[in-house]
Amino acid sequence: MIDIAVHDLEKEYQVGQPVLRGLTFQVDTGERVGILGRNGAGKTTLFRILTGQEEADAGQVTIAPGKRLGLISQIPHYPAGYTVQDVLETAFDDLRRMEQELHALSQRLAGAEPALLDRYDRLQAAYEMGGGYEISTRLEKVCAGLGIERAFREKQFADLSGGEKTRINLARLILVDTEILLLDEPTNHLDLNATVWLEEYISHYKGTVLVISHDRYFLDKTISRVVELKEGKADFYAGNYSFYAVEKERRYLEQLRQYKKEQAELQRLSDTVRSMHEHNTEHLHKRAFSIEKRMEKLQSAARPEQRKHLKVKFSQAEFRADDLLTLKEISKSFGSQTLFDGVSLRVEPGDRIALLGDNGAGKSTLLKIILGEELQDKGKVEHGLTGKVGYLPQQIRFAHPERSLYDTMLYEAGCDAQQARDRLGKFLFRGEDVFKPVSVLSGGEQSRLRLCMLMDEKVNFLILDEPTNHLDLDSREWIEEAVEEFGGTLLFVSHDRYFIDRFATRVWTLGGGKISDFRGGYQDYLAHQERMKSLAPAPSRREVKVKKEKPKRTGGTKQLKKELAAAEKRMEKLDGLLADLNSRREAAVSDYQALQALAEEEASYTQEYDQLMETWETLSEAIAAEEG
């Protein structure tokens with residue numbers, strides 16, 4: 001069954017510059033589709049047309065009758081005074097109306113007419129099917145997953161930041177349980193834990209999902225098909241993001257091979273035509289004109305485009321610092337909220353440190369303390385004499401946004417005229433674009449300009465705060481290529497798991513007022529976290545009895561012990577497989593697709609191990625009961 005059908009969609013904002021030109025595709029029920037394309041390709045425009053916020057100039061959009069559609073980026077207006085809890089409760093408006101009608105009907109049931117009793121029965125069945133008896137459970141489950149604490153729910157919705165409103169709206173739409181979910185950059189305002197929870201939710205979601213995202217990990221986990229918007233039309237890829245990236249390159253190379261073949265044929269035909277005309281006979285002239293018509297078609301073929309690469313690298317200090325940064329008993333609080341207390345850490349030369357933690361944990365504050373932009377309450381920050389720091393902040397700001405890119409490079413980066421042109425050109429700011437005011441640049445373009453200014457500074461310690469935020473997929477790859485070439489020390493905050501996985505050799509986790517220091521890559525860190533969970537204290541014997549029913553088996557204690565031994569043997573086997581997987585991960589450290597496959601393999605082993613552990617506990621209790 002088709003949930004969404006788009007046929008010959010046209011949309012133009014400026015005359016002669018169409019965003020969509022004959023866009024056609026369909027989405028079947030239950031599909032998970034990634035909508036990809038460069039910034040400005042029309043992705044958000046498509047979503048706005050699907051939800052009726054905008055009208056197409058031409059074409060048709062059909063949504064399956066009776067299907068409810070929800071858009072995450074669209075934040076509805078609520079009455080003044082609405083708290084976060086009030087907004088979340090609006091997800092249950094239909095159920096609350098049923099609840100009120102059921103209550104009213106119950107007052108009239110004594111000696112009621114059969115029609116009234118029938119209405120009550122049908123309404124009660126609909127209320128139960130809609131989850132009316134599970135409202136509180138569903139609300140608490142979603143809030144826990146997205147990190148929406150009870151105290152936060154008392155805040156006024158109007159006072160929240162844009163990111164906080166987006167997160168609350170995401171929770172509300174999940175609670176409404178729409179049949180078609182449109183996600184426009186859903187992970188932009190989520191921390192890692194909430195993002196993982198959302199991935200898990202989507203994997204069990206029974207409806208249809210369309211996703212616009214620059215989060216490659218998220219795409220790999222949530223989609224099984226890609227619709228790429230390109231020049232107003234659609235290209236299709238039957239796989240997740242990793243498949244799309246490989247297949248897109250393969251298609252480009254094939255198109256390039258075909259183009260070169262056609263150009264060689266064009267040259268051969270050109271030589272043939274020239275020779276025929278030189279013979280100056282009527283027969284050969286006619287033959288030449290016929291060949292020239294063939295040539296016109298070949299001449300009209302454009303060379304396949306490939307994305308432009310930034311060929312730049314950070315200018316590094318000629319020396320490598322031996323003593324970069326030491327934190328001694330650092331503490332910081334805001335009012336009654338303690339961000340961290342008694343933090344002592346040392347940055348080693350060559351470290352590539354990922355600073356992780358939930359939103360609001362204090363990651364950016366710690367970076368500002370390190371940079372001297374914020375004062376700590378207690379403790380000492382010691383910088384090495386040979387350290388030269390380069391910093392890319394999360395919020396890009398320019399002292400004079402009214403200046404052009406060219407003037408910004410002249411006055412703020414200390415370039416001469418030729419250097420300004422050359423450096424801007426390397427970052428794909430060319431032609432008249434260099435005379436645009438900085439204020440009109442997109443978030444990604446502003447990040448690119450700041451990088452252009454930063455990369456010529458000679459640094460040996462690079463600090464990045466969410467460096468891939470607001471960047472499209474191409475721009476993310478550009479900055480990653482530059483960081484890859486950087487030979488100094490790196491400290492970064494990021495929610496981009498691909499970026500973390502690619503660069504982290506050490507992980508600092510901020511939470512509960514402390515920072516834990518893990519020496520190893522991101523996959524090793526995740527494996528360590530899973531091991532810590534498995535080593536957590538098991539529930540008490542009484543709790544286990546409440547949660548689990550004893551297995552009904554035949555064969556007595558002997559059979560139970562046989563099954564217990566089998567479970568232990570398989571768990572031992574899984575321990576070996578997990579250890580082997582870690583060594584394979586080290587060998588594939590630079591291969592994203594291989595790492596992704598290993599992560600999935602590890603998740604499978606870990607899930608099986610957890611299930612076996614539950615079986616082992618249940619069998620152990622049953623044996624103890626039999627023998628007792």
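Predicted model, so just to flag it, every value in this text is computed and none were measured. Side-chain atoms are counted along with the backbone in the values below, which use heavy atoms only and exclude waters and symmetry mates. We're numbering straight along the sequence, starting at 1.
In this view, Arg122 and Asp118 satisfy the salt bridge (charged side-chain N to carboxylate O under 4.0 Å, His left out) rule, not counting sequence neighbours. For Asp377, the salt bridge (charged side-chain N to carboxylate O under 4.0 Å, His left out) criterion is met by Lys332, not counting sequence neighbours. For the salt bridge (charged side-chain N to carboxylate O under 4.0 Å, His left out) test, no residue two or more places apart in sequence or in another chain qualifies with Glu10. Applying the salt bridge (charged side-chain N to carboxylate O under 4.0 Å, His left out) criterion to Arg21, with sequence neighbours excluded, gives no partner residue. By the side-chain contact (heavy atoms from CB on, under 4.5 Å) test, Ser439 is found to be paired with Pro401, Pro437, residues two or more places apart in sequence or in another chain being considered.
Geometric assessment of Lys165 against the ring of Phe157 yields a positive cation-pi assignment under the 6.0 Å and 45° thresholds. Phe152 carries Arg167 over the face of its six-membered ring, with the cationic atom under 6.0 Å from the centre and within 45° of the normal. With a 6.0 Å cutoff to the six-membered ring centre and a 45° limit on the axis angle, Lys11 counts as a cation-pi contact of Tyr13.
A salt bridge links Glu54 and Arg48; the closest N-O separation between the charged side-chain nitrogens and carboxylate oxygens is under 4.0 Å. Between Glu140 and Arg153 there is a salt bridge, with a side-chain nitrogen of the basic residue lying less than 4.0 Å from a carboxylate oxygen of the acidic one. Under a 4.0 Å N-O distance rule, the pair Asp465/Lys363 does not qualify as a salt bridge. Taking a cutoff of 4.0 Å between a charged side-chain nitrogen and a carboxylate oxygen, Asp93 and Arg96 do not qualify as a salt bridge. Salt-bridge check for Glu445 with Arg450: failed, with every basic side-chain N at 4.0 Å or more from each acidic carboxylate O. Between Lys221 and Glu200 there is no salt bridge, since no side-chain nitrogen of the basic residue lies less than 4.0 Å from a carboxylate oxygen of the acidic one.
Of the N and O atoms on the side chains of Glu89 and Gln85, at least one donor lies less than 3.5 Å from an acceptor on the other residue. Remark: the Thr187 side chain and the Thr195 side chain contain no N/O donor-acceptor pair separated by less than 3.5 Å. Judged by distance alone, the side chains of Gln53 and Thr51 do bring a donor and an acceptor atom under 3.5 Å apart. Judged by distance alone, the side chains of Asp501 and Tyr217 do bring a donor and an acceptor atom under 3.5 Å apart.
Across Asp341 and Ser331, no two heavy atoms sit closer than the pair OD1-OG, 2.7 Å.
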List, one per line, each side-chain donor-acceptor pair under 3.5 Å for residues 130-137, sequence neighbours excluded.
none

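Distance alone, capped at 3.5 Å, places no donor-acceptor pair between the Thr29 side chain and the Ile2 backbone.
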